[in-house]
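First the structure, in the form of structure tokens, and then the observations on it.
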Amino acid sequence: MMSTGERLAYMAGQILRNFAVKGQEAAIAATTDHILQFWDPGMKARACAMLSDPDPALPDDVRAVFLRVQANAASA
Amino acid sequence: MTFTREKDFGTPEKHGETVSLTIDGQQVSVPAGTSIMRAAAMVDTAIPKLCATDSLESFGSCRMCLVEIEGRKGYPASCTTPVSPDMVVRTETEKLRKLRRGVMELYISDHPLDCLTCSANGDCELQDVAGSVGLRDVRFGYEGASHLEGCKDESNPYFTFDPAKCIVCSRCVRACDEVQGTLALTVDGRGFASKISASQDEGFLASECVSCGACVQACPTSALIENTVIEKGTPERAVVTTCAYCGVGCTFRAEMRGEDLVRMVPWKQGKANHGHSCVKGRFAWGYAQHRDRVLNPMVRASVDEPWREVSWDEAIAHVASEFRRIQNAYGTRAIGGVTSSRCTNEETFLVQKLIRQGFGNNNVDTCARVCHSPTGYGLKTTFGTSAGTQDFDSVEQADVVLVIGANPTDGHPVFGSRLKKRLRQGAKLIVIDPRRIDLVRSPHVEAGYHLPLRPGTNVALLTAMAHVIVTEGLVDEAYVRERCDGEAYGEWAAFVSEPARSPEAIEDLIGVPAADVRAAARLYATGGGKSGGRGAIYYGLGVTEHSQGSSTVMAIANLAMATGNVGKPGTGVNPLRGQNNVQGSCDMGSFPHELPGYRHVSDSATRALFEADWGTALDAEPGLRINNMLDAATDGTFKGIFIQGEDILQSDPNTTHVAAGLAAMECVVVQDLFLNETANYAHVFLPGSTFLEKDGTFTNAERRIQRVRKVMEPKNGYADWEVVQLVANAMGLGWTYTHPSQVMDEIARLTPTFAGVNYDVLEQRGSVQWPMNAAAPEGTPTMHIDHFVRGKGLFVVTDYVPTDERTGPRFPLLLTTGRILSQYNVGAQTRRTPNEAWHAEDRLEIHPHDAENRGIRDGDWVSLRSRAGETSLRALITDRVAPGVVYTTFHHPDTQANVITTDFSDWATNCPEYKVTAVQVAPSNGPSEWQKSYRAQAEQSRRIEPAEPAE
Amino acid sequence: MTRVFISRDMASMALGADAVADAFTKAGCDVVRTGSRGLFAIEPLVEVETEAGRIAYGPVGPEDTARVLDGSHPNRIGQIEEHPFFSGQQRFTFSRCGVIDPLSIADYAANGGWKGLEAAYALSPQAVVDAVKASGLRGRGGAGFPTGIKWQTVLDAAADEKFIICNADEGDSGTFADRMLMEGDPFHLIEGMAIAGHAVGASHGYIYIRSEYPFAVETMRAAIARSAAKIAPFTLEVRVGAGSYVCGEETSLLESIEGKRGEVRAKPPLPAIEGLWGKPTVINNVLSLSAVPFILSEGPQAYADVGFGRSRGTMPIQIAGNVKNGGLYEIGFGVTLGELVNQIGGGTASGRPVRAVQVGGPLGAYLPPSMFHLPFDYEAFAEAGGLIGHAGITVFDDTVDMARMARFAMEFCAAESCGKCTPCRIGSTRGTELIDRIMAKAPRAAGTLETLPQIRNARTAARTHDEEIDLLRDLCDTMKHGSLCALGGFTPYPVLSALDHFPEDFGASPALTEAAE
Amino acid sequence: MTDIAEIQTVIDGAVRDSARGALLPLLHELQEHFGFIDPAAVPLIAAALNLSRAEVHGVISFYPDFRTEAPARHVIKLCRAESCQARGSAAIEAALARHLGVAMGHARKDGQVALEPVYCLGLCAIGPNALVDGRPVARIDNEAITKIACEVEA
């Protein structure tokens, strides 16, 4: 069974894949927006925490999304 | 309301230009086509009748309703004779009295005479008419040939057929044909020997009968009568209320003696069901009085302990203090709740209010998460509103109907009957479903196309249909230009036009011949091939419960927009909602990101409205979804949950994951009628009340808000909304509701789409469809009439992203799941009724080819294994499923089909992917080890410690 | 090789025509099988082709070949047209029956066939309907409704599909004209139906034939196959009944073709507007449709010139039962009942006096000889409390028990009731029971149940014979006015006419009219 | 019991080119083939024509022609209608029943012969009439009865 962190990364990846047809940049933007709209603060925090966790390498696009989520949290 | 039969006009309502005539000297104006009988009834002239009833087309067999018409020879039957202008009709003359008495004399010469001890005594049309024609003596005597020796058929658990009481009016046969559409009844023989026969003159239970009750309702005597009436006598009052089973939202008259429910009879004025019902709503209400109901609150420190019955005060205080303790210890967001789609709008509103106002977070979710959350997302994105576009009446104007991932004759039977009626009238049908559902081919109904696609490939198929529609020039361009976002359309059209989206390119992927996909697309796009034809799409959980659920909903919306099939009757995108109030629970703000009326929690203006009303600040961040709550629980950050009327352990996917999450919590509060499976992991059990025991409203799949009316006191002491208020007040919220109508007033005050809704309006109109406000003072049967709610309809590119659940050598088969007519969801209600007679266990449907490969015979126990788990059930070998696909229902906890289902879910809403699981099937000896241990755990967990005897 | 003509009509077959035909074949003749000429007293009939025309002999047995072929047979009739039974007929409809090989499309064409159809094709549908209207043709099935008006209704009804149905469910005892025509001149019916199809815009037709007529079924099917090209694109098919008399009622016939129980439909809607599968449908009897080719080929006036009052044209009358010269007699309306029974029919076969005739099948009234002055005319019969129906006359001699015949009328209704409407379904059974009591002169005493103290309203005194008769009359009134179709509605006609004209058979003094004779 | 596979074959053959309202023709076909319509055929007929079993049963039970049990080896259908009565059919019916040892409307216990009523064969001037195993026979008298009796005992 996946850990919660793995699951969040998986979820973000799945959302990304569904937006992939728009092109990578648009997909990352749409996924970020989706996460901001639907994920609870705990999940977002956990996702951001994974950015600094070196162990499970996040796929690049997921990392890009989480970075934007983090930036958004910082600006809020 | 005291008991009277609903007024019966004898023949169905007609719509036409007004015709004036004279009946017994009285001037009457009625629509052309109206029968004389109905015209008379409209001015309260009751022409005697036996074979006529206004739910059925006129038949003209009993010959009681003869009248005289000036200038016409003979004595025409008023039921079969339409009015004509300036007709002069007499309904009572010496000659007519004599003829009627003559016919009645014949009836009574072949009828039992024990009226006083008859179960229909006082509610028998034969008795009434015999009285009204003044029959005093039967000159033929009582010793001629007769049918008095006929044996009763008591095979159906809910009603009895006594052929001796039958007058062969064929109302039952016609009700089965015209209303239900099962055609399970016929007349056997002819002439004097005519008798009613179920299927091949067999018992009702063994016959094709689906026990909808239409025949019983139609019967003018006690030949077909509810067993409860035989047992209890005729009712003395009736209260109109709404069924608590599926999302069709049938209204019923609960016919009562005192506080005792005698029978539920579908209400003819009900706008969702128009007097029809199914076996569940009509008969399967015995669970409400079932001995398994828990009536006292119970508490325990640990789920290993037996339950301890406590007072309501103690239970409520315990809940409040536990929740506050947990929040103090683990944070505001460490608790949450689940609203119930079984409960009323007012109750769900209060639960989410408890969470938002009292818990101070947005950790509220509902069972719609696991069924129609993609509908909310998909239709909101494309059209602007998270709801179906039509009323059910709309189907009567559809020329082609596309049913995808739904099985209406089982899941939404009353709508299924209305759909079948339309199909019998000639509308065309397309079915997209891996399994050959009954609609594909059943008496007098046959789909033009059945596309038995591979489970999980909906998006690919729908996109291929879009490909055909766009590349073959079938788009309603004027509509798209006027009503939709042009840029998005352009992108979408370019996307679907790519050769890779063509039916030919995906033929192997979806397993459906390209020619069929093309033909079906053309049929839908051309309105059934009829000029100006209208196409309607109805869908169910076979659309939503996929990892691409939201994409599929949007793909459906795209098709409807491209063909101009949104915004008028006979068209639309219509989700068939699973539970009685799943639409309502979503409307009421049960999702963690939305306040009531589908407004995002981040919207500060909306929040401000609620904050002002509720006197507290609200969290602007979305809360946790159910599955995320369980994840968080496993992680140790989520510790307490209030679950009202939902059995997440049985109904949510990957049971072991759910169990682990629940087990990790410190306070699980379950409110339910029964000790359900989830309660095995609960620390507090609060007894729930049934829909018969409370006031409120349900909102059905057509956005129709209907009253639920209390017909008896709650056996557990409180209606559910009262219990929520007790909890809220124990947490210091100071609520003061004394009636659910006040809750509705609050909803209307805070939710623009409900602004015009209140109990007075519902009382007057029977029901209303939201949006109901200043802009739509009559409510809204059809949405998006002039423009989409979001402005321009938005085409969304829906790329087919395959699920990560894949078949392979270890799990070569695809499991998909569904329901059956006689059972309802996890079966908590229906399993506690005689409905078990029809479906006592879940079976695994498997194609003969796959069965043979595995050495499985029909009825064998088989193990069903997936990456998530294993269970056992008995096999049913059938070619309803394609090779490579297996199917089961999930009504029985012993089966635990959700042990098998995985964690995969819809990308946008996390609606679980119930419909696609890679599995292996093998012969087995019986229940699996897991099933046995689960059963033992459940038994252990359900123990209740006897209360201390009072001193 | 000598050509001889021998009927293969079912009646001729029942009388041994096959054996006769075999004998003539063995004798080296070229045997042409035809329909029946229509006089059964001379069947099996053999016509020998000679230079002097076709010379008829009948009845003839298989042993008679030599005497027939050498002209010495005592039953030599000569040219059949000169036989007194035939010389007075006006054969508009049955002109070819018995003359030609029924399945020879060449014979049919050579004897005036297809002329009506060709004339119709040259006309607009409306003009065809107008011609039928002008002819005054009325439905030959029984009700006498003007055929042209029915066609007009169907022509005027807008629909994607319309049908022509030929009602060949000839179930009335005493009738056989439909059967004879279908067996003896099937193309004629086909021509009539094709004309109807053209007239109303129907592309498909059904001929619904009772299963008791296997020869007609076979012949019609063969004829349809052979004439398919001639009537195309109009198409036809035969549907076979299954032993139900009530399926001759047009709406239950529709149900039966649709594959359902043959229950009567309430009218309205009329079949002309909502008929087969809800589509506008012409339903006509065999004889109505077969009258049409003549009307088109010879003109409506030629047809209308014959007849009586509002009954125009000819009627193929069937004389049956206990009668000497039983058979088919086609003549213009207006001939009297007495002429038909006594002159043409030659009185009873038994030689005893005629006591009663039943006109119009099992639902027709029994008429005593005192009413033999009645002209064969829809209105005259209706006025006298009878009906022409399908123009069958069944003759009874003085050994008949009319109470028994009344009982049979009820019994037949009970046997054939579809069971839909109550007066027919229960009334026919009660009627049978009641007449049984009347015949046994055993009026009903109070039953066990009626004498129980718990039953207060039932009469405990025994009923009188007169009360039982009154009850029978009341029952007939209920059935007549209350029934859904003619089966229950007309069963009272034979019952009440028997009761009225022959009261002595019901235990009362003879009727005054009888006494006055 | 008839063979289900054989029933299906007959149904498939009959339904292949079926027109609308195909039920009666199909029932005739089955009865022609098997001599009767086995109730076990009803579900197959219903499936083939997309009808309910009830509908098929209702139709079979409505029409007197359709049998649900195997017929006697010989079937005599004697006309009981008025024209034959006028020519003495009641006496003929009684004599025939006596000769054959079977009551009207019944099959003899040994299954050799059944005497069934028919209402009119359209041979109304030459009665009493009957169909003897489908063959029309007219002017039935005592001599004919002897012949018929002889024929059906064979």
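Per chain, numbering begins at 1; letters A, B, ... match sequence-line order. Everything quoted here is computed from the prediction, not taken from an experiment. No hydrogens, no waters, no symmetry mates; every other heavy atom, side chains included, goes into these values.
Scanning both residues, B:Y75 and C:H481, for their nearest heavy atoms gives CE1-ND1, 3.4 Å. When all heavy atoms are compared, the tightest approach of B:L106 to C:L475 is CD2-CD1, 4.0 Å. Across every non-hydrogen atom of C:A266 and B:T80, the tightest pair is CB-CG2, 3.4 Å. Nearest heavy atom pair, residue B:L66 against residue C:G482, reads CD1-CA, 3.9 Å. Looking at every heavy atom in both residues, B:P82 comes nearest to C:P268 through CD-CG, 3.4 Å.
A 6.0 Å sphere centred on CZ of B:R101 holds more than 12 heavy atoms belonging to other residues, nucleotides or ligands. Few gaps surround CD on B:Q425; more than 12 heavy atoms of other groups in view lie less than 6.0 Å from it. Atom CZ of B:R441 sits in a crowded spot, with more than 12 heavy atoms from other residues, nucleotides or ligands closer than 6.0 Å.
Interface residue B:V187: backbone and side-chain heavy atoms are both found under 4.5 Å from chain C. Heavy atoms closer than 4.5 Å to chain C are found in both the backbone and the side chain of B:S109. B:L113 touches chain C through its side chain: at least one heavy atom from C-beta onward sits under 4.5 Å away, while N, CA, C and O do not. With a 4.5 Å cut-off on non-hydrogen atoms, B:T186 touches chain C through its side chain but not through its backbone. B:S61 touches chain C through backbone and side chain together, each having a heavy atom under 4.5 Å away. Contacts between C:S483 and chain B at a heavy-atom distance below 4.5 Å involve the backbone alone (N, CA, C, O).
Interface remark: of the candidates C:C413, C:S428, C:A414, C:P423, C:P423 forms the most heavy-atom pairs closer than 4.5 Å to chain B. Ranking B:G74, B:P76, B:G141, B:C79 against chain C, the residue ahead of the rest is B:G141, based on heavy-atom pairs under 4.5 Å. Heavy-atom pairs under 4.5 Å with chain B peak, among C:T429, C:V246, C:N457, at C:T429.
Contact of the C:D477 side chain with the B:K98 side chain is registered, since non-hydrogen atoms from C-beta on lie closer than 4.5 Å.
The distance from the CD1 atom of C:I426 to the CD atom of B:E105 is 11.0 Å, given to the nearest 0.5 Å. From B:E143, atom CD reaches atom CD of C:E450 across 7.0 Å, with rounding to the nearest 0.5 Å. Remark: C:K420 NZ to B:R63 CZ distance equals 9.0 Å, nearest 0.5 Å. With rounding to the nearest 0.5 angstrom, the SG atom of C:C421 is 10.0 Å from the CZ atom of B:F59. Atoms OG1 and OH, on C:T422 and B:Y107 in that order, are 2.5 Å from each other to the nearest 0.5 Å.
In this structure, the side chain of C:R430 engages the main chain of B:A145 through a donor-acceptor pair within 3.5 Å.
One finds a salt bridge joining B:D137 and C:R463 here, because a Lys/Arg side-chain nitrogen approaches an Asp/Glu carboxylate oxygen to under 4.0 Å. The pair C:E263-B:R190 does not count as a salt bridge, with every side-chain nitrogen at least 4.0 angstrom from each carboxylate oxygen. Using a 4.0 Å cut-off between a side-chain N of Lys or Arg and a carboxylate O of Asp or Glu, B:D110 and C:R425 do not qualify as a salt bridge. Taking the charged nitrogens against the carboxylate oxygens, C:D470 and B:R139 have no contact shorter than 4.0 Å, which rules out a salt bridge.
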